[in-house]
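Have a look at the structure below, then the notes.
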Amino acid sequence: MARRIVELLRTGQPDESVTIQGWVRTKREQKGFSFIEVNDGSSMAGLQVVINQDVPGYEETIKRLSTGASVEVSGVLVPSLGKGQRIEVKADSVAVFGEADPETYPLQKKRHSFEFLRDIGHLRSRTNTLGAVFRVRNACATAIHQFFQERDFLWVHTPILTASDCEGAGEMFAVTSLNLKQVPMTEQKGVDYSKDFFGKPTYLTVSGQLEAEIMAMAFSNVYTFGPTFRAENSNTSRHLAEFWMVEPEMAFCDLEGDMDLAEAFLKHIFQHVMDTCPEDMEFFNARIDDSVLATAENIIHNEFERLTYTDAIALLQKADKTFEYPVEWGLDLQSEHERYLAEDLFKKPTIVTDYPTQIKAFYMRLSDDEKTVRAMDILAPKIGEIIGGSQREERLDILERRIQQQGLDPADYWWYLDLRRYGTVPHAGFGLGFERLVQFMTGMGNIRDVIPFPRAPLSVEF
RNA sequence: UCCUCAGUAGCUCAGUGGUAGAGCGGUCGACUGUUAAUCGAUUGGUCGCAGGUUCGAAUCCUGCCUGGGGAGCCA
């Protein structure tokens, strides 16, 4: 049985007979023997293999071994004579599964730009950086489930296809089974959706929140973790058309409880990644962003800054800095304002609460003076908004009024309103952009490099 | 969608009106318990696409395409 390289590097002992399988990262031919470094994705470091010329088929095998080739090596672990590794494999046999023609294999033994690697999305996961990213991404996902499961939250699966076209979170992708070359029309010359699969306009979800609220009204504490879709023609280093979102929803919870959970949540994820992926995190700190480790320590050990929107506006107005966009109570915070607060002023995650009613969604709980709603955004240095949440409006009459005020039809929300009609409770929740979390964790500058197969405008190749 | 910068060898880039270059990579050789090995030789191009200006365009102009950074929108 082949063993994983990460385990051999940690605990492998001299004289053990081992078999490993993986891909050749580098080959260094010497006179009479060769070194190859084999990586199987289980760790940043590969395992060095020494192939002496007395290994059967040496000349022929060595010719076929180049960067990218897939191999199975059987041999004995020995203490390394060279510097740089504790142990290495002295090969008894080397089998090549598949060659990788060096004339055409795009990955070289040198640093590649992330732009170039995006063009070879089918091969880029074999690089050090993307390998580290996807191991950390996996650890983040594991930590998320761990955090909620330990607290008896139910993982609920909310739908990807939805007929709610008015959640207000962004542009939606239309879903149809109609033949687009021959779309049925109504007499009013609109699309006749009664002929479509669901009999009405249907979209990819922009949020599972409303459905999560349904489930929270039965199971008290729930969370979603799944893909989400936004069709905005948005071209920045922190937007994707398809991304993963985590949305906890808690019954019998107010905004303070929501913030407490969000903060504990982020601390837990950072701690778990530091515990399980130390080599990868050190790599990011050394090669990608030298503040990554300090940021993780800061998150884990320090309280997040908390302030109201009103106080934030006052601080921005006092700031010794000129902003391009105006700072005035009632206007939404711009990227530059958020960055000033989280990056310059507090230098840590900053929770801004109680935003003006006019600039937030209808489902957020109205404060007594009706000027603000119980909303909160967690702003991360460099990334911006990483979490957005709120206490939800649980009072039927106020919710109906707010839906109408925003020009929406309460009839479209009949089941959402029913939740307030039957056994309503105070409740709260938030949404976390999973890729933004991974970006924040790793220091990766572009969100397209923290998801294996990014979907963005004009980008859906792999 | 807007602003801005860029597109030249497999990769990273230099070349700003007059014979297309370097480093890395690849190939061949030498040497060496190597590890981004080293040394020597060698290979390598529709200068993003389409028009235009000019005796002459990688270089100047126009349009388009693609990508980076930023903004808006958002998580």
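Bear in mind the structure is a predicted one, so any value in this text is a computation, not a measurement. All chains are named by letter (A, B, ...) in the order of the sequence lines, taking the proteins before the strands, and each is independently numbered beginning at 1.
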So, is [X] near the phosphate of [N], with a side-chain N or O under 4.0 Å from OP1 or OP2?
X        : N     : value
A:Asn446 : B:G69 : yes
A:Ser335 : B:G72 : yes
A:Ser237 : B:G70 : yes

Distances for protein N or O near nucleotides 4-7 of chain B N or O, under 3.5 Å:
none

Would you classify [X] as touching base, sugar-phosphate or nothing, given that sugar-phosphate means primed atoms plus P, OP1 and OP2, and contacts are heavy atoms under 4.0 Å?
X        : answer
A:Phe440 : nothing
A:Leu458 : sugar-phosphate
A:Leu240 : base
A:Ile387 : sugar-phosphate
A:Arg118 : sugar-phosphate

Given that both distances must come in under 3.5 Å, which nucleotide forms a Watson-Crick or G-U wobble pair with [N]?
N     : result
B:A9  : none
B:A14 : none
B:G72 : none
B:G56 : none
B:A41 : B:U27

Q | Under the side chain to side chain contact (heavy atoms under 4.5 Å, CB included) test, residues paired with A:Asn221 that sit two or more places apart | A |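 Side chain to side chain contact (heavy atoms under 4.5 Å, CB included) list for A:Asn221, sorted by chain: A:Phe153, A:Met250.
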Q.
Going by the rule side chain to side chain contact (heavy atoms under 4.5 Å, CB included), which residues pair with A:Asp260 if we only count those two or more places apart in sequence or in a different chain?
A. A:Arg306
Q) How does each nucleotide of nucleotides 24-34 of chain B score, in 5' to 3' order, for protein heavy atoms under 4.0 Å: base (B), sugar-phosphate only (S), or none (-)? A) BSSS---SBBB
Q: Send over the distance from A:Ile359 CD1 to B:C74 P, rounded to a whole Å.
A: 10 Å
Q. Which nucleotide in the list B:G72, B:A37, B:C11 gets nearest to the side chain of A:Phe116?
A.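 Between B:G72, B:A37, B:C11, the one nearest the side chain of A:Phe116 would be B:C11.
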Give me the distance, rounded to whole Å, that separates [N] from [M] when you measure between the [atom1] atoms they each carry.
N     : M     : atom1 : result
B:U12 : B:C28 : P     : 25 Å
B:U8  : B:A57 : C1'   : 14 Å
B:A37 : B:U43 : P     : 24 Å
B:C5  : B:G52 : C1'   : 24 Å
B:G15 : B:A22 : P     : 15 Å
B:G48 : B:G25 : P     : 25 Å
B:G17 : B:G56 : C1'   : 8 Å
B:U54 : B:C65 : P     : 28 Å

For the pair [X] and [Y], find out whether any cationic side-chain nitrogen is under 4.0 Å from an anionic carboxylate oxygen.
X        : Y        : result
A:Asp377 : A:Lys360 : yes
A:Glu394 : A:Arg365 : yes
A:Arg118 : A:Asp449 : yes

Who pairs with [X] by salt bridge (charged side-chain N to carboxylate O under 4.0 Å, His left out), at least two apart in sequence or on another chain?
X        : answer
A:Asp92  : none
A:Arg126 : none
A:Arg151 : none
A:Asp344 : A:Lys321

Between side-chain atoms of residues 70-78 of chain A and protein atoms elsewhere (two or more places apart, or another chain), which donor-acceptor pairs fall under 3.5 Å?
{"residue": "A:Ser70", "atom": "OG", "partner": "A:Gly98", "partner atom": "N", "Å": "2.9"}
{"residue": "A:Ser70", "atom": "OG", "partner": "A:Gly98", "partner atom": "O", "Å": "3.4"}
{"residue": "A:Glu72", "atom": "OE1", "partner": "A:Gln21", "partner atom": "NE2", "Å": "2.6"}
{"residue": "A:Ser74", "atom": "OG", "partner": "A:Thr19", "partner atom": "OG1", "Å": "2.9"}

Q. Can you find an N or O donor on one side and an acceptor on the other, under 3.5 Å apart, linking the side chain of A:Ser234 with the base of B:G72?
A. yes
Q: Report yes if a donor N or O on one partner sits less than 3.5 Å from an acceptor N or O on the other, where the partners are the side chain of A:His112 and the base of B:C11; otherwise report no.
A: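 Counting by modelled atom types and ignoring angles, no donor-acceptor contact under 3.5 Å is found here.
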Q: First locate atom CZ of A:Arg238, then atom CZ of A:Phe440, and finally report the distance between them rounded to the nearest 0.5 Å.
A: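 These two atoms lie 14.0 Å from each other.
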Q) With sequence neighbours left out, which residue pairs that include part of residues 230-249 of chain A fulfil the ring pair (Phe, Tyr, Trp, His ring centres under 6.0 Å) condition? A)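 Found A:Phe225-A:Trp244.
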Q | Sorted by number, the residues of residues 127-147 of chain A with heavy-atom contact under 4.0 Å to RNA chain B | A |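 Going residue by residue through residues 127-147 of chain A, none turns out to have a heavy atom under 4.0 Å of RNA chain B.
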Q: Tell me, please, which residues at least two apart from A:Phe114 pass ring pair (Phe, Tyr, Trp, His ring centres under 6.0 Å).
A: none
